[in-house]
Amino acid sequence: MKNHYLMLAVIFTGLFACQNNAATKLKELNLLQYNIPITIMAPDSAKVVAGSLSFSQDITIKSPEDNFDLQIFAYDATTMDIATVKASHLAEIKSNAYFSEIIEEEEAGFIYSMVFDSTATNYGFKYLKIQGDKEYIFQTGLVGNFGLDDVKVMYKAVKNEKK
């Protein structure tokens with residue numbers, strides 16, 4: 001019986017320790033110095049790498065210890081209709097052979113899952129913003145496997161939700 005109490009104590013300690021995740025350590029990150037006039041939330045330890053192609057900007061924000069890996073693409077907007085842009089991205093995701101389901105959907109974004117086999121489910125998101133003459137696409141990093149909780153933290157972070 002004594003071992004059961006010890007085991008329960010260890011489990012509860014672990015559960016409470018897990019509550020201290022990236023969501024509690026996010027701070028505002030202004031991206032204006034990277035020519036993106038948007039502020040998001042990101043872990044204090046996040047590293048930002050900016051690049052560009054002839055037709056787009058590419059920003060990566062990573063904090064491996066927080067499992068935070070965010071990719072932002074900025075393009076010249078071809079439409080001001082966010083619903084049209086989102087529909088295009090939804091169609092692209094749904095056409096992937098590993099697409100499983102849309103977990104959450106809002107006017108400007110969605111969270112989805114991909115199932116590669118019976119043991120590997122990966123979650124991702126797309127969040128879209130049209131501002132001025134630019135279209136911004138926020139998504140999980142291009143390389144990596146993310147759990148649903150990690151993706152929800154990143155999704156809220158790009159929406160600049162503090163809680």
Side-chain angles (χ1 to χ4, degrees), residues 21-116 120-163:
N21 62 13
T24 61
K25 298 183 277 181
L26 298 182
K27 69 172 192 161
E28 287 192 342
L29 175 62
N30 187 323
L31 300 172
L32 191 55
Q33 65 183 320
Y34 306 102
N35 297 319
I36 294 183
I38 294 173
T39 297
I40 65 167
M41 303 299 291
D44 210 11
S45 62
K47 304 290 183 238
V48 180
V49 177
S52 65
L53 301 170
S54 60
F55 58 91
S56 72
Q57 289 175 270
D58 173 10
I59 304 232
T60 303
I61 303 167
K62 282 187 180 188
S63 177
E65 58 270 13
D66 296 303
N67 209 21
F68 191 97
D69 188 351
L70 180 65
Q71 195 83 33
I72 305 168
F73 297 102
Y75 300 95
D76 290 335
T78 57
T79 180
M80 294 304 194
D81 182 18
I82 198 77
T84 300
V85 176
K86 185 181 107 182
S88 171
H89 287 276
L90 265 171
E92 176 188 343
I93 292 296
K94 288 180 175 180
S95 71
N96 188 303
Y98 300 108
F99 170 77
S100 177
E101 68 178 312
I102 298 296
I103 306 294
E104 186 177 316
E105 184 174 356
E106 299 176 329
E107 179 183 352
F110 54 92
I111 296 173
Y112 60 92
S113 66
M114 299 277 189
V115 177
F116 300 104
T121 299
N122 192 30
Y123 296 89
F125 77 89
K126 296 261 185 164
Y127 184 75
L128 312 157
K129 188 171 200 148
I130 299 173
Q131 187 171 303
D133 63 347
K134 295 289 184 185
E135 173 184 318
Y136 300 97
I137 302 164
F138 300 85
Q139 65 183 41
T140 46
L142 298 176
V143 178
N145 292 315
F146 304 99
L148 184 56
D149 290 341
D150 297 322
V151 168
K152 285 183 175 184
V153 166
M154 288 184 276
Y155 188 73
K156 286 180 181 179
V158 299
K159 292 169 38 176
N160 198 359
E161 290 182 4
K162 294 168 183 66
K163 298 277 180 185

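Predicted model, so just to flag it, every value in this text is computed and none were measured. For the numbers below, each heavy atom of this structure counts, side chains included, while hydrogens, waters and symmetry mates do not.
- Using a 3.5 Å distance cut-off with no hydrogens or angles, the side chains of S45 and S63 do pair a donor with an acceptor.
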Between V153 and D66, is the side chain to side chain contact (heavy atoms under 4.5 Å, CB included) condition met? List the steps. CA-CA 10 Å; V153 166; D66 296 303; over 6 Å; no
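- In this structure, A50 and I59 approach most closely via the heavy-atom pair CB-CD1, 4.0 Å.
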I'd like to know whether M41 forms a side chain to side chain contact (heavy atoms under 4.5 Å, CB included) with L29, so could you lay out the CA-CA distance, the side-chain angles of the two residues, the decisive distance to 0.1 Å, and finally the verdict. CA-CA 6 Å; M41 303 299 291; L29 175 62; over 6 Å; no
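- Atom CG of L128 is separated from atom CZ of F73 by 12.5 Å, given to the nearest 0.5 angstrom.
- Side-chain atoms of P43 and L26, non-hydrogen and from C-beta on, do get closer than 4.5 Å to each other.
- The two residues I137 and E135 come nearest to each other via the heavy atoms CD1-OE2, 3.6 Å.
- Scanning for ring pair (Phe, Tyr, Trp, His ring centres under 6.0 Å) contacts around Y34 gives an empty result, with sequence neighbours left out.
- With rounding to the nearest 0.5 Å, the separation of OG1 in T140 from NZ in K126 is 8.0 Å.
- Within the 4.5 Å cutoff, the side chain of N160 has no heavy atoms near those of the I40 side chain.
- Counting heavy atoms from C-beta on, the side chains of I38 and I72 never come closer than 4.5 Å.
- Rounding to the nearest 0.5 angstrom, the gap separating the OH atom in Y112 from the OH atom in Y98 is 14.5 Å.
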For a side chain to side chain contact (heavy atoms under 4.5 Å, CB included) check, start with the C-alpha distance between T60 and D69, then their side-chain angles and the critical distance, and finish with the verdict. CA-CA 7 Å; T60 303; D69 188 351; 4.0 Å; yes
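- To the nearest 0.5 Å, the span separating CD on Q139 from CD1 on I93 amounts to 7.5 Å.
- Below 30°, between 30° and 60°, or above 60°: for Y127 and F138 the angle between ring planes is between 30° and 60°, a tilted geometry.
- Pairing each heavy atom of P37 with each of Y136, the nearest pair is CD-OH, 3.3 Å.
- Partners of Y75 under the ring pair (Phe, Tyr, Trp, His ring centres under 6.0 Å) rule, at least two apart in sequence or in another chain, do not exist in this structure.
- Using a 4.5 Å cut-off on side-chain heavy atoms (C-beta onward), F68 and D150 make no contact.
- Side-chain contact between K62 and V49 is absent, with no heavy-atom pair separated by less than 4.5 Å.
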Quick one, K27 with D44, criterion salt bridge (Lys or Arg N to Asp or Glu O under 4.0 Å). Give me CA distance, side-chain angles, the key distance, then yes/no. CA-CA 6 Å; K27 69 172 192 161; D44 210 11; 3.1 Å; yes
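- No side-chain heavy atom of M114 sits under 4.5 Å from any side-chain heavy atom of T121.
- Considering every non-hydrogen atom in both M154 and L70, the closest pair reads SD-N, 4.4 Å.
- Rounded to the nearest 0.5 angstrom, K152 NZ and E104 CD are separated by 6.0 Å.
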Run the side chain to side chain contact (heavy atoms under 4.5 Å, CB included) check on E105 and L90 step by step: do they pass? CA-CA 10 Å; E105 184 174 356; L90 265 171; 3.4 Å; yes
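- Annotation: the span from Y123 atom OH to E101 atom CD amounts to 7.0 Å, rounded to 0.5 Å.
- Checked by atom type and distance alone, the side chain of Q57 never pairs as donor or acceptor with a backbone atom of I36 at under 3.5 Å.
- Checking each of T79, T84, T78 against D81 for a side-chain hydrogen bond (donor to acceptor under 3.5 Å, both in side chains) leaves exactly one that passes, namely T84.
- Judged by distance alone, with hydrogens and angles left aside, the side-chain atoms of N122 form a donor-acceptor pair with the main-chain N or O of F146 at under 3.5 Å.
- Summarising the geometry of I61 relative to A46, their closest heavy-atom pair is CG2-CB, 3.7 Å, with the distance given to 0.1 Å.
- Heavy-atom minimum distance, E107 versus K86: O-CD, 3.3 Å.
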